[in-house]
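Reviewing the structure listed below.
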Amino acid sequence: QLKVLVGVFTTPDRYESRSFLRLVYGAQSPTGAIIDVRFIMCRMADAEHKITVGLEIMNYGDMIILDCRENMNDGKTYTYFSSLPRLFESNSTNPPYHYVVKADDDVYIRLQPLVESLQFVAREDAYYGCNATQRGVEYMIGSLYAVSWDITEWLSISHIPNFSGPQDILFATWLRDGHVGKNRYDIEDKLYDIQVAGTHFAH
C-alpha cells in the first residue's frame with residue numbers, strides 16, 4: 001500500500017493554522033494509501049513556545065521538531081528532508097514512506113486526489129510539484145512538492161554546498177547537481193491559488 005508523509009512547515013506562533021488543518025485533514029478518509037500528516041518546525045528558544053508546543057505534542061503527537069534554528073530560507077528544508085532517514089527506520093526494500101511531501105501551512109491538500117495522482121509517479125528518483133523557472137533553474141514551487149524516499153536518503157549523505165536562499169530553487173539545484181530527481185511530474189493544472197489579483201499562480 002502506498003505510504004506518504006506530508007510535512008507541513010509551520011512556526012510555533014501559528015497554532016490557529018495547525019488547529020484548522022488538523023480538522024480538515026482529520027475529516028478526510030483517503031483510500032489506497034496511508035498518509036501521515038506531520039507539522040514541521042525547528043527547535044524553540046522562546047520559553048512560552050516550548051510550553052505551548054509541548055502541550056500540542058502531548059495532545060496530538062503529530063509534530064516533528066528539527067535540530068535547526070527556525071527559518072524559512074536558511075536550511076530548514078534541507079534539515080527536514082535529510083533528517084528523515086535517521087528519524088524513521090528504513091531499508092531499500094521496505095521504506096517507511098514511498099513519497100515525502102513538503103507543504104506550507106497555508107496550503108490545503110485534498111488527500112484522495114493526491115493519492116490518485118501519485119499512483120502514476122515513479123517510486124524512485126521522483127520529483128513532483130508545480131513546475132516554474134527562475135534564475136535559469138527549473139524547480140517545483142515551495143508551497144507544495146514531493147520526492148520519492150530514495151532522494152531523502154541521498155540528501156542525508158550528500159555534501160550540500162549552500163543552504164541559504166530561496167529554498168524551493170535551491171532544492172532543485174541540489175537535485176540537478178546531484179543528478180537525481182530525473183523523473184519529474186508537473187501538476188500545475190491541479191494547484192489553485194486564492195483568487196487575488198496579481199498572484200502568479202492564480203488560475
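None of the values given here were measured: they were computed from a predicted structure.
- By the ring pair (Phe, Tyr, Trp, His ring centres under 6.0 Å) test, Phe39 pairs with no residue at all, sequence neighbours left out.
- Of all the heavy atoms in Asp74 and Gln167, the pair that sits closest is N-NE2, 3.9 Å.
- Closest heavy-atom contact between Glu70 and Pro12: OE1-CD, 4.1 Å.
- Residues Asp125 and Arg123 are not paired through a salt bridge, judged by the lack of any N-O separation under 4.0 Å between the basic side chain and the carboxylate.
- Taking Tyr97 as the reference, Phe88 meet the ring pair (Phe, Tyr, Trp, His ring centres under 6.0 Å) condition, with sequence neighbours excluded.
- Within a 6.0 Å sphere centred on CD of Gln119, heavy atoms belonging to other residues, nucleotides or ligands number more than 12.
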For a side chain to side chain donor-acceptor pair (under 3.5 Å) check, start with the C-alpha distance between Gln134 and Tyr139, then their side-chain angles and the critical distance, and finish with the verdict. CA-CA 8 Å; Gln134 192 174 338; Tyr139 67 100; 3.0 Å; yes
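- A distance of 12.5 Å separates SG of Cys42 from CE of Met72, quoted to the nearest 0.5 Å.
- Judged purely by atom type and a 3.5 angstrom limit, Tyr127 uses its side chain to pair as donor or acceptor with the backbone of Met140.
- Under the salt bridge (Lys or Arg N to Asp or Glu O under 4.0 Å) criterion, no residue pair touches residues 161-172, with sequence neighbours excluded.
- For the pair Gly32 and Leu2, the tightest heavy-atom approach, listed with the atom from each and the gap, is O-CB, 3.7 Å.
- Looking at heavy atoms from C-beta onward, Tyr128 lies out of side-chain contact with Val101 at the 4.5 angstrom threshold.
- Of the possible donor and acceptor atoms, none in the side chain of Thr133 sits under 3.5 Å from a partner among the backbone N and O of Glu138.
- Atoms SG and CZ, from Cys68 and Phe163 in turn, are 11.0 Å apart once rounded to the nearest 0.5 Å.
- Counting only heavy atoms from C-beta outward, the side chains of Ile65 and Met41 approach each other to under 4.5 Å.
- The main-chain N or O of Ser164 is never found under 3.5 Å from a side-chain atom of Asn73 such that the two would form a donor-acceptor pair.
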